[in-house]
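Below: the structure, in structure tokens.
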Number of protein chains: 2
Amino acid sequence: MSKPPKRHVTLTDIAAAAGVAPMTVSRVLNGSGYVSAETREKVLAALRKMNYRPNGLARALKRQRTETVGLVLGDIANPFAAELSRGVREVLAARGYNLFICVSEQSAKEDLAAFDSLLDHRVDGLIVATRASKLGNDRLAEIVEAGTPVVAIGRDFRHPQADLVTADHLRGGYEAAQHLISLGHRRIGFIGVSLTSGLWLRRFQGYLEALREHGLPVEEELVAGGGASAEQPGYATEEMGYEGMRQLLALREPPTAVFARNDFAAFGAMNAIKRAGLRIPQDIAIVGYDDVPLASHTSPPLTTVRQPTREQGRLAAELLLRRIESREPVAREERIFACELVVRESTVGK
Amino acid sequence: MSKPPKRHVTLTDIAAAAGVAPMTVSRVLNGSGYVSAETREKVLAALRKMNYRPNGLARALKRQRTETVGLVLGDIANPFAAELSRGVREVLAARGYNLFICVSEQSAKEDLAAFDSLLDHRVDGLIVATRASKLGNDRLAEIVEAGTPVVAIGRDFRHPQADLVTADHLRGGYEAAQHLISLGHRRIGFIGVSLTSGLWLRRFQGYLEALREHGLPVEEELVAGGGASAEQPGYATEEMGYEGMRQLLALREPPTAVFARNDFAAFGAMNAIKRAGLRIPQDIAIVGYDDVPLASHTSPPLTTVRQPTREQGRLAAELLLRRIESREPVAREERIFACELVVRESTVGK
DNA sequence: CATATTCCTGTTAAGGTTATCAGAAGATGT
DNA sequence: ACATCTTCTGATAACCTTAACAGGAATATG
């Protein structure tokens, strides 16, 4: 009972079975043009019988659009990416578009491969949420100039014909640090990047700005990368946070508060603090970033900065569709969402 | 300086620019057939100048293959899905295939939409890692029978022409419970499903089996769904674990140990235990499932069951490619990976 | 020197769909 | 009765690429 790899049923097969021209079947399928009730019934009968699936390739080739959007993520494993893609999907699904996700695993080269792969399949537009790179941005500029709509999310890509959606992480980082300062902390650590190579990280810049503004010195020893993985661009891990915190705890004069690059790093740091037998926040206060679901369920619950992630995805999708569906050139849009400090007990213990 | 939506550069454009036939350009691009060095140079020059990108739709339409594989995930937000897709990607990338991911958000209907969307784009094969449903399995059977290679991961879909990759969660669940029993526990709770509707969950069956085998009664009150979200099929959340544990703690006679459906539920449970002022594992021992990275960094570190997630993804990809690239029918393969109990301090405290 | 072989290039058709045009049949208006 | 319009269906070509074939030129073989 071995099945030879069957050919797909084509629209022409249906036409033959129903005794009509292919074009008529096409009209029935798309509900366009005139078809008599009688003919329609014949075609529908044939369709039901033969289990036909339209060939999207051929259709897209002819129509010059695929009704599919590509989303490029740097890393599929983090809550930010997940939430973002949900937002994107919501909007696309409602408007009848499909979403294909490509993951670049944080490599600029894979980024290019993902762009190419999606473009070769002629997606109607691209949403890019990977870390910026010279290589990637150059290619993106080419893509935009070749006429494919592109929207960047939280990625430093500015182009007169592409939209940008992001959150104000400079401000978010500033407020997190400011919060700790206002609680009286003077030695405030940062976990997740190193001082020398972390300036691309907006929330880190915000931290530096807050310190500067309050006349606090920026001490290199208080900025803990968290080991070898620190320079990797992805979402910081709890491992990174754990290692970073251990570095800080090993100082002659450890910080009294730390700001972690994201919640996962903060979780790792919290565990390091507890293992060292110290209390949160009495001995060391801690702030995370992102407000992932887990953040409100740790003990103590984590003070963190919430960014409207799903909204960013939704808006990006809407901006993209606007470009896709507009005939004439569209004015550039850059939207920066505000972040919100969520104060919990990891800084103002009960 | 408004740009009209440019047409893509086609192979024919290149041919015209280089003064050769389209076929010759095709030969240069694909490195197939004979092309003189001189002609090749002309073509390459034109290619460089005109920024050409092959039209994958047309190519795929002609070649009848896309070198693209579709992966359907139920939920992008969980570590299992992330790790799985990494494994799949690794293998595909090495063999020159692209990966498109579709997310069904745990709905059987969306599942079908994802299948259709990928099939309409004529992916060469499908890897399905969503929860089984009657609707979905019926459709998958049709797909397989229509000739598209399909591999299921951890999904109850059996078909003579489709492969199945999974891990032995029955055994995994059994060992987790067995571990707690061997530590002397007699009242062992389960968090993450309800007794009445949780039987689809293999690890839960393993738990029941272990109890039965040791003559322990299965008490309904010890099986805590964790609120309304419990019946949702996705990855259990820490919220679910938190709520579930609170239910168990409210019993007249709470369990002395709990087994959580996955690590995230376990984290939530741990936090509920700590908030109640109890100690882990002295008052309540806890076991999770999956061994996500965070599990070794909680305090105390979590005893859990490790499943070889990435390997499952890799194997699924390999099985799929085997089917895609073989002309003749391929024998069905069902591979069940063993799970491994990882004992940490949440059960055998230091 | 005739014949076979290798190298190179072009022509044609096809993959499955749909836009466009053309034409037939029936309905409506004057 | 004739022009006009609406409704229906089909033929043709095109979207862009490549497989298959064909043929010409150059080189090798007997």
Side-chain angles (χ1 to χ4, degrees), chain A residues 5-44 46-47 50-68 119-124 146-147, chain B residues 5-44 46-47 50-68 116 119-124 146-148:
Chain A
K6 293 185 206 161
R7 235 183 77 272
H8 285 273
V9 177
T10 73
L11 178 146
T12 313
D13 298 334
I14 302 289
V20 299
M23 192 54 220
T24 302
V25 179
S26 173
R27 278 192 269 257
V28 171
L29 285 170
N30 299 299
S32 62
Y34 293 110
V35 183
S36 71
E38 187 193 8
T39 306
R40 162 172 294 114
E41 216 18 82
K42 271 196 302 188
V43 170
L44 288 177
L47 282 171
M50 302 180 64
N51 192 24
Y52 168 77
R53 281 261 96 216
N55 186 325
L57 297 180
R59 171 177 286 175
L61 179 59
K62 181 62 187 160
R63 287 202 185 151
Q64 300 283 64
R65 25 193 281 272
T66 51
E67 317 225 287
T68 298
L119 288 177
D120 288 356
H121 283 261
R122 292 292 188 269
V123 291
D124 294 337
Chain B
K6 294 184 206 162
R7 237 182 76 272
H8 284 275
V9 177
T10 73
L11 179 146
T12 313
D13 298 334
I14 303 289
V20 298
M23 193 55 220
T24 302
V25 179
S26 173
R27 277 192 270 258
V28 171
L29 285 170
N30 298 299
S32 62
Y34 295 109
V35 182
S36 71
E38 187 192 9
T39 307
R40 163 172 293 114
E41 217 18 81
K42 269 195 303 187
V43 171
L44 289 177
L47 282 172
M50 302 180 67
N51 191 27
Y52 168 76
R53 281 262 93 214
N55 185 326
L57 297 179
R59 170 177 287 176
L61 180 59
K62 180 65 183 152
R63 287 201 185 153
Q64 300 283 63
R65 24 194 283 274
T66 50
E67 318 226 287
T68 299
D116 287 349
L119 288 176
D120 287 356
H121 283 262
R122 290 292 187 272
V123 291
D124 295 338
T148 303

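Within every chain, numbering begins at 1; the chains are lettered A, B, ... in the order of the sequence lines, protein sequences first and strands thereafter.
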Using atom [atom1] of [X] as one end and atom [atom2] of [N] as the other, report the distance to the nearest whole Å.
X	N	atom1	atom2	result
B:Gln64	C:dA14	CD	P	14 Å
B:Met23	D:dC16	CE	P	17 Å
B:Lys62	C:dG16	NZ	P	10 Å
A:Arg122	C:dG16	CZ	P	20 Å
B:Glu41	C:dC8	CD	P	15 Å
B:Arg27	C:dG10	CZ	C1'	8 Å
B:Arg63	C:dG15	CZ	C1'	13 Å
B:Arg59	D:dC16	CZ	C1'	11 Å

Taking C-beta and beyond as the side chain, do [X] and [Y] meet within less than 4.5 Å on heavy atoms?
X	Y	result
A:Thr66	B:Leu57	yes
A:Asp13	A:Met50	yes
B:Arg59	B:Asn30	yes

Quiz item: Does any residue of residues 29-36 of chain A have a heavy atom under 4.0 Å from DNA chain D, and if so, which ones, in number order?
Solution: A:Tyr34, A:Val35, A:Ser36
Quiz prompt | Candidates D:dT17, C:dG16, D:dG10 - which lies nearest the side chain of B:Ala58 | solution =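 Nearest nucleotide to the side chain: D:dT17.
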Exercise. Side chain of A:Thr10 only, please: which of C:dG15, C:dT17, C:dT18 is the nearest?
Key: C:dT17
Self-check item: Most 5' of A:Asn55 and B:Ala21 on DNA chain C, judged by nearest nucleotide
Solution: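 First, find each residue's nearest nucleotide; the 5'-ward one identifies B:Ala21.
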Quiz item: Want to settle it: does B:Leu61 or B:Val20 sit nearer the 5' end of DNA chain C, counting the closest nucleotide to each?
Solution: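 Final value for this comparison: B:Val20.
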Quiz item: Between A:Lys42 and A:Thr24, does a side chain to side chain contact (heavy atoms under 4.5 Å, CB included) hold up when you go through it step by step?
Solution: CA-CA 11 Å; A:Lys42 271 196 302 188; A:Thr24 302; over 6 Å; no
Practice problem: Measure the spacing between CZ of B:Arg40 and CZ of B:Arg27 and express it to the nearest 0.5 Å. | Solution: 11.0 Å
Quiz item: Given A:Val43, which of A:Val25, A:Val35, A:Leu29 fulfils the side chain to side chain contact (heavy atoms under 4.5 Å, CB included) condition?
Solution: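 Of all the options given, the one that passes is A:Val25.
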Self-check item: Working for side-chain hydrogen bond (donor to acceptor under 3.5 Å, both in side chains), residues A:His121 and A:Thr68
Solution: CA-CA 9 Å; A:His121 283 261; A:Thr68 298; over 6 Å; no
